[in-house]
Amino acid sequence: MAAASAAGVAGDTKVYTGKLTLYVLLPCGVAATGGLIIGYDIGISGGVTSMDMFLEKFFPSVLHHEQTAQGTSQYCKFNSQPLTAFTSSLYLAALIASLFVASFTLAMGRKWSMFGGGVSFLAGATLNGAAQNIAMLVAGRVLLGIGVAFAGLSIPIYLSELAPPRLRGMLNIVLQLMITVGIFSANLVNFGAAKIKGGWGWRLSLGLAAVPACAITVGSIFLPDSPNSLINSGRHEEARRVLCRIRGTDEVDDEYADLVAASEVAFSVERPWREILRRRYRPQVTMAILIPIFQQLTGINAIMFYAPVLFKTIGLGGDASLMSAVITGLVNIVATFVSIAAVDSHGRRKLLFQGGCQMLICQVITGTLIGVTFGTSGDDSISKAFAVCVVVFICVYVSGFAWSWGPLGVLLPSEIFPLEIRPMGQSISVAVNMLCTFAVAEAFLPMLCRMRFGLFYFFSGWVLVMTLFIALFLPETKGVPIEKMTVVWETHWFWGKFLKNEGAHVEVADSKVQMHNGTAV
Ligand code: BGC
């Protein structure tokens, strides 16, 4: 019932008046610094854990093991539970926090949720930069994790709510772009910090996260809350004022009326968590769960977290390893632009196929190169030329990810849910992403030790599975207005049958969206 009226609210494909104004760009810019911190936290730990002075202070046994790894396979040099916990604890904290942050964001608004994220990031970065013992280190990681949960949930919603509808997809990918810039900055800082005499470079690496954290903390105090958020808290006049300002026109009657009506519908759904469990939402929920799982099973974070450690493992020097991580970070940024340019013209499915095939081929080649030259035992030494080849194929793999599963793993879950359950859908997707990111961070080093080069085949097997899954089950959402999204499921060969007796939320025959072979035309 609620779903039917939600579709009716925005039933016809209206084009609202309004342009892209500075009042949208500035807040979006501030919000996007949240992506910078999320990325910085992803990229910083691998480089820091490959710095000898950091290991000596907190994990002396790992350093000893690394330096005297005789008798132990090179593949196992860095396999240490406390070291892994340093990386993964952040994502465990983010997972737990993401379960509570949705309610906070609903009650307090997007603005204060971003502020909460900023404060948490700031405290975490300060504790980490000043850490004297493992407890301070872990407490700092936990606070950063809480920040990731706040930022990961509130920023995509804030961006979508502020953006003019036709630019929603692009602005969403800008957040992913900022994440890649954050990862790259972290790689670059690590490269410089490792050279600092006196061995305190790791403090700089960890502490510098405070800079973007300050930007979002202070910036969010001055940000307007989104019109949707203001309407939700009963501040209708202010909501209308903000809408006029961000759209750069006083002619916002249509959009404002739709926002109010949509908010009423959302309010009328008394138990959104129960609503989302209904059979009619099964296709969307399946995607919100599987997309982040698949995204992490591409193995991307094995590279993003552990590239310097991996490159050291195959025999590159400390400096060359950190430099190689800088290069993969740069490739990640550049390739994300390809996605921004192609996502609305070529569509989501094409990018996922192409990226999937590219990743699969590169993973098989990388695994084979390491296996053939480095040996199953990991005792042989790898020649420089082969090590460079490995770095090149990893870069091609990263570019495949960066124009497919990277941005689309963020965009798809945010565009497939009907309004009344959108925050719930988004929070499921963020929580699953954190859970899987945690699992990869925990499992990569022990798996590398056990499966050796076969680990790359393991991830390539999953890439094959997810590419087939996309071919069979993901309808194309390119060009479909967000309010009409139900059409893509109802006309899909499999989901259409699944939903047959559920009663369509939108009259497909009435819809202005025409589907041809699963694509909006
Ligand atoms: C993923 C992160 C990953 C990053 C790499 C994001 O979409 O969620 O886990 O590290 O892409 O660019």
Side-chain angles (χ1 to χ4, degrees), residues 20-45 90 94 97-98 101 104-105 108-126 128-129 140 143-163 167-168 170-190 204-226 229 246 304 329-330 332-333 336-337 340 406-407 410-411 414 426 430 433:
L20 187 60
T21 62
L22 201 62
Y23 288 106
V24 168
L25 286 178
L26 272 181
C28 288
V30 173
T33 50
L36 207 62
I37 318 177
I38 296 178
Y40 192 87
D41 288 329
I42 290 173
I44 207 70
S45 56
L90 190 155
S98 68
V101 166
F104 182 93
T105 309
M108 304 296 292
R110 291 42 166 158
K111 171 189 167 98
W112 293 113
S113 187
M114 286 187 282
F115 178 76
V119 171
S120 231
F121 279 133
L122 201 56
T126 312
N128 270 184
L143 283 167
L144 291 175
I146 296 173
V148 166
F150 271 110
L153 197 90
S154 57
I155 296 175
I157 296 182
Y158 184 74
L159 291 178
S160 311
E161 290 177 346
L162 242 65
L167 296 176
R168 194 185 294 124
M170 193 190 85
L171 275 175
N172 224 295
I173 296 188
V174 168
L175 180 66
Q176 169 69 13
L177 183 69
M178 294 304 278
I179 293 180
T180 63
V181 173
I183 297 175
F184 173 68
S185 320
N187 296 151
L188 211 58
V189 168
N190 276 337
L204 187 71
S205 292
L206 296 178
L208 267 182
V211 176
C214 268
I216 192 162
T217 311
V218 177
S220 61
I221 297 175
F222 298 100
L223 289 185
D225 213 333
S226 71
S229 198
I246 60 179
M304 294 300 141
L330 192 59
N332 196 14
I333 299 181
T336 305
F337 281 104
I340 294 182
V410 180
L411 176 61
S414 79
Q426 181 76 12
V430 171
N433 190 318

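Quick note: numbers below take in every heavy atom, side chains included, and nothing from hydrogens, waters or symmetry partners.
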Student: Check whether any side-chain heavy atom of Pro156 sits under 4.5 Å from a side-chain heavy atom of Gln426, and report yes or no.
Tutor: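 They are in side-chain contact.
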Student: Phe104 vs Phe150, test: ring pair (Phe, Tyr, Trp, His ring centres under 6.0 Å). Steps then yes/no.
Tutor: CA-CA 9 Å; Phe104 182 93; Phe150 271 110; 5.4 Å; yes
Student: Out of Leu175, Val30, Thr33, Ile38, which one pairs with Ile155 under the side-chain contact (heavy atoms from CB on, under 4.5 Å) rule?
Tutor: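 For Ile155, the side-chain contact (heavy atoms from CB on, under 4.5 Å) check succeeds only for Leu175.
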Student: Are Val101 and Ser113 close enough that some pair of their side-chain heavy atoms sits under 4.5 Å apart?
Tutor: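 Contact flag for Val101/Ser113 side chains = yes.
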Student: If you measure from CD on Glu161 to OG on Ser229, what distance do you get to the nearest 0.5 Å?
Tutor: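 Answer for the CD-OG pair, Glu161 versus Ser229, is 6.5 Å.
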Student: Could you pull out the closest heavy-atom pair between Gly109 and Asp225, with the gap in Å?
Tutor: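 So the two residues come closest at CA-OD2, 3.5 Å.
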Student: What's the spacing between Asp41 CG and Leu206 CG if we round to 0.5 Å?
Tutor: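 Spacing of CG (Asp41) from CG (Leu206) equals 9.0 Å.
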Student: Where is the tightest heavy-atom contact between Ser205 and Asn190, given as atom of each residue plus distance?
Tutor: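 It is OG-OD1, 2.9 Å.
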Student: Given Ile246, which partner from the list Leu25, Leu26, Val24 fulfils the side-chain contact (heavy atoms from CB on, under 4.5 Å) test?
Tutor: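 Checked Leu25, Leu26, Val24 against Ile246; only one passes side-chain contact (heavy atoms from CB on, under 4.5 Å): Val24.
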Student: Any side-chain heavy atom of Val174 sitting closer than 4.5 Å to one from Leu159?
Tutor: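 A side-chain contact under 4.5 Å is absent here.
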Student: Looking at CD1 of Ile333 and CE of Met178, how far apart are the two atoms once the value is rounded to the nearest 0.5 Å?
Tutor: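 Reported to 0.5 Å precision, the distance equals 10.0 Å.
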Student: Please check this pair: side chain of Thr105 against backbone of Arg110, looking for a donor-acceptor N/O pair closer than 3.5 Å.
Tutor: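 No, the answer is negative, given that no donor and acceptor are paired below the 3.5 Å cut-off.
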Student: Consider side-chain contact (heavy atoms from CB on, under 4.5 Å). Of Thr217, Leu143, Val148, which one does Phe121 pass it with?
Tutor: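 Of all the options given, the one that passes is Val148.
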Student: Of the non-hydrogen atoms in Leu36 and Pro212, which two are nearest, and what is the gap between them?
Tutor: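 Here Leu36 and Pro212 meet closest at CD2-CB, 4.1 Å.
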Student: Measure the CZ-OG distance between Phe115 and Ser120 for me, rounded to the nearest 0.5 Å.
Tutor: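 Taking CZ in Phe115 and OG in Ser120, the distance rounds to 11.0 Å.
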Student: Which atom pair, heavy atoms only, marks the closest approach of Ala149 to Ala97?
Tutor: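 Result for this residue pair: CB-CB, 3.6 Å.
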Student: Please report the closest heavy-atom contact between Ile216 and Gly118, naming both atoms and the distance.
Tutor: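 That would be CG2-CA, 3.7 Å.
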Student: Do Met304 and Asn332 have side chains that get closer than 4.5 Å, going by heavy atoms?
Tutor: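 Yes, close enough: below the 4.5 Å cut-off.
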Student: Just how far is it from atom CD1 of Ile44 to atom CD1 of Ile37, taken to the nearest 0.5 Å?
Tutor: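 Between Ile44 CD1 and Ile37 CD1, I get 13.0 Å after rounding to 0.5 Å.
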Student: Looking only at non-hydrogen atoms, find the nearest pair between Phe337 and Leu177 and report the distance.
Tutor: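 So the minimum-distance heavy-atom pair works out to CZ-CD2, 3.7 Å.
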Student: Can you find a pair of side-chain heavy atoms, one from Tyr40 and one from Val189, that are under 4.5 Å apart?
Tutor: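 Touching, per the 4.5 Å side-chain cut-off.
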Student: Using the side-chain contact (heavy atoms from CB on, under 4.5 Å) rule, take Val410 and Ile173 through it: C-alpha gap first, then chi angles, then the decisive distance, then the call.
Tutor: CA-CA 8 Å; Val410 180; Ile173 296 188; over 6 Å; no
Student: Quick one: does Leu223's side chain get under 4.5 Å of Ser220's, heavy atoms only?
Tutor: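 With C-beta onward as the side chain, the pair touches.
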